[in-house]
Amino acid sequence: MGNCYEYQGKYNEAINYYLEAIKYVNDDNKSKIQLNLIRTYYLKGDIESARLWLKSKQAEEDSRLSEKYQIQLKIFETITDDNLTIDNIINIQKSSINYFLSIKDWKLTVRYSELRVCFYLSNS
């Protein structure tokens with residue numbers, strides 16, 4: 001349900017579903033929901049909450065986290081950084097899109113391409 005609301009731009013509803021879901025899932029699915037929360041808070045424009053969830057996830061130092069999730073966390077780490085530079089943006093764009101294409105994950109390729117558009121529109 002959180003994803004459905006997120007895709008509709010109903011971020012508060014999405015966040016409520018993600019926060020409720022996180023109470024009931026195992027560790028593997030918890031990482032996915034935490035990532036969804038980070039992304040949804042970012043899209044909502046609540047950068048501070050996105051940073052809090054990001055720091056919380058980073059503090060876990062989950063070595064079992066797949067490369068796919070690590071790259072997604074790195075995207076948000078980069079775009080929420082107070083010292084963001086155009087070089088940092090270009091580097092994370094290239095590395096993440098190349099990785100998603102290499103594993104043929106078209107959903108993430110599209111999702112993070114859309115996120116980049118939102119980022120550029122909000123910072124232009």
Side-chain angles (χ1 to χ4, degrees):
M1 290 298 296
N3 268 271
C4 292
Y5 281 114
E6 182 184 344
Y7 280 116
Q8 294 176 53
K10 297 178 180 179
Y11 301 125
N12 290 329
E13 291 91 337
I15 289 166
N16 288 334
Y17 274 99
Y18 291 142
L19 289 172
E20 191 61 26
I22 209 163
K23 298 175 189 176
Y24 301 103
V25 296
N26 60 28
D27 288 340
D28 293 335
N29 289 324
K30 187 177 180 181
S31 293
K32 187 174 188 175
I33 295 171
Q34 289 169 315
L35 187 57
N36 290 345
L37 277 165
I38 293 165
R39 185 185 56 249
T40 305
Y41 275 119
Y42 179 83
L43 290 170
K44 179 183 173 194
D46 186 348
I47 305 305
E48 282 308 308
S49 293
R51 284 180 182 149
L52 287 173
W53 278 97
L54 184 59
K55 286 179 184 169
S56 156
K57 186 64 192 155
Q58 290 167 328
E60 290 178 21
E61 295 185 47
D62 191 348
S63 60
R64 297 174 297 133
L65 207 55
S66 72
E67 186 175 0
K68 183 175 12 179
Y69 285 106
Q70 290 176 20
I71 287 173
Q72 292 175 81
L73 289 170
K74 182 67 176 163
I75 291 169
F76 288 104
E77 179 184 322
T78 301
I79 64 177
T80 61
D81 189 342
D82 285 331
N83 300 313
L84 184 62
T85 67
I86 194 70
D87 288 337
N88 292 348
I89 295 168
I90 291 169
N91 290 336
I92 195 65
Q93 280 182 315
K94 286 180 182 178
S95 64
S96 63
I97 216 66
N98 287 339
Y99 177 76
F100 297 141
L101 289 171
S102 76
I103 63 169
K104 296 178 175 36
D105 192 323
W106 314 124
K107 184 177 108 180
L108 288 180
T109 303
V110 170
R111 175 168 267 179
Y112 286 100
S113 294
E114 290 172 346
L115 182 68
R116 284 177 193 69
V117 171
C118 290
F119 174 81
Y120 285 123
L121 289 174
S122 69
N123 289 293
S124 57

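Residue numbers count from 1 along this sequence. Hydrogens, waters and symmetry mates play no part in the numbers below; they use all other heavy atoms, side chains included.
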Enquirer: Tell me whether Asn98 contacts the main-chain N or O of Lys94 through its side chain, where contact means a donor paired with an acceptor under 3.5 Å.
Expert: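 Yes, Asn98 side chain to Lys94 backbone: donor-acceptor pair under 3.5 Å.
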Enquirer: Within this structure, what is the OG1-CD1 distance for the pair Thr40 and Ile33, rounded to the nearest 0.5 Å?
Expert: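 So the OG1 of Thr40 and the CD1 of Ile33 are separated by 11.0 Å.
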Enquirer: Any idea which heavy atoms bring Trp53 and Leu19 closest together, and the distance?
Expert: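 Nearest pair, atom of Trp53 first, then Leu19: CZ2-CD2, 3.5 Å.
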Enquirer: Which residue pairs pass the salt bridge (Lys or Arg N to Asp or Glu O under 4.0 Å) test with at least one member in residues 72-81, sequence neighbours excluded?
Expert: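 Passing the test, one end in residues 72-81: Lys74-Glu77.
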Enquirer: Do the non-hydrogen side-chain atoms of Ile22 and Tyr18 ever get within less than 4.5 Å of each other?
Expert: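 Result no, sub-4.5 Å side-chain heavy-atom pair not found.
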Enquirer: Please report the interatomic distance CD1(Ile90) to OG(Ser95), rounded to the nearest 0.5 Å.
Expert: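 The CD1 atom of Ile90 sits 12.0 Å away from the OG atom of Ser95.
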Enquirer: Okay, side chain of Ser56, backbone of Leu52: is any donor-acceptor separation there less than 3.5 Å?
Expert: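 Looks like no, no N/O pair under 3.5 Å.
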Enquirer: Quick one: NZ on Lys68 to CD1 on Ile103, what's the gap to the nearest 0.5 Å?
Expert: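 The distance works out to 5.0 Å.
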Enquirer: Rounded at 0.5 Å granularity, tell me how far CD in Glu13 sits from SG in Cys4.
Expert: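 Atom-to-atom, Glu13:CD and Cys4:SG are 12.0 Å apart.
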Enquirer: Looking at Leu84 and Ile89, what are the two nearest heavy atoms and their distance?
Expert: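 Scanning both residues, the minimum pair turns out to be CD1-CG1, 3.7 Å.
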Enquirer: State which residues pass side-chain hydrogen bond (donor to acceptor under 3.5 Å, both in side chains) with Ser49; sequence neighbours excluded, sorted by chain then number.
Expert: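 In terms of side-chain hydrogen bond (donor to acceptor under 3.5 Å, both in side chains), with neighbours along the sequence ignored, Ser49 is linked to Asp46.
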Enquirer: When you compare the side chain of Trp106 with that of Leu101, does any pair of heavy atoms fall below 4.5 Å?
Expert: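 SC-SC contact between Leu101 and Trp106 confirmed.
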Enquirer: Distance check, rounded to the nearest 0.5 Å: Gln70 atom CD versus Ser31 atom OG?
Expert: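 Rounded to the nearest 0.5 Å, the CD-OG separation comes to 10.0 Å.
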Enquirer: Side-chain contact, heavy-atom cut-off 4.5 Å: Tyr41 with Arg51?
Expert: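 When only atoms from C-beta onward are counted, Arg51 and Tyr41 do not touch, as no gap falls below 4.5 Å.
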Enquirer: Compare all side-chain heavy atoms of Phe100 with those of Lys107 and state whether any distance is below 4.5 angstrom.
Expert: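 Not touching, per the 4.5 Å side-chain cut-off.
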Enquirer: Mind checking whether Val25 and Leu37 sit in one hydrophobic cluster, side chains of I, L, V, M, F, W, Y counted as touching below 4.5 Å?
Expert: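 Yes, Val25 connects to Leu37 through the hydrophobic network.
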Enquirer: Are the side chains of Thr80 and Ile38 in touch, meaning some heavy atoms are under 4.5 Å apart?
Expert: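 Not touching, per the 4.5 Å side-chain cut-off.
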Enquirer: Can you see which heavy atom on Glu6 is nearest to which on Tyr11, and at what distance?
Expert: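 Result for this residue pair: O-CE2, 3.6 Å.
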Enquirer: If I take atom CG from residue Leu54 and atom OG1 from residue Thr78, how far apart are they, to the nearest 0.5 angstrom?
Expert: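 The OG1 atom of Thr78 is 9.5 Å from CG of Leu54, to the nearest 0.5 Å.
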Enquirer: Quick check: do Tyr69 and Lys32 have side-chain heavy atoms less than 4.5 Å from each other?
Expert: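 Tyr69 vs Lys32: side chains touch.
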Enquirer: Please name the pair of heavy atoms, one in Leu35 and one in Leu73, separated by the smallest distance, quoted to 0.1 Å.
Expert: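 Answer, listing the atom of Leu35 first, then Leu73: CD1-CD2, 3.9 Å.
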Enquirer: Could you report the tightest heavy-atom contact between Asn3 and Asn36, atom names first, then the distance?
Expert: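 For Asn3 versus Asn36, the nearest heavy atoms are ND2-ND2, 3.6 Å.
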Enquirer: Work out which heavy atom in Gly2 is nearest to a heavy atom in Ala14; give both atom names and the distance.
Expert: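 Between these two residues, the closest heavy atoms are O-CB, 3.3 Å.
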Enquirer: Looking at residues at least two apart in the chain, or sitting in another chain, which of them share a ring-ring contact (aromatic ring centres under 6.0 Å, His included) with Tyr17?
Expert: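 With neighbours one apart ignored, the set is Tyr5.
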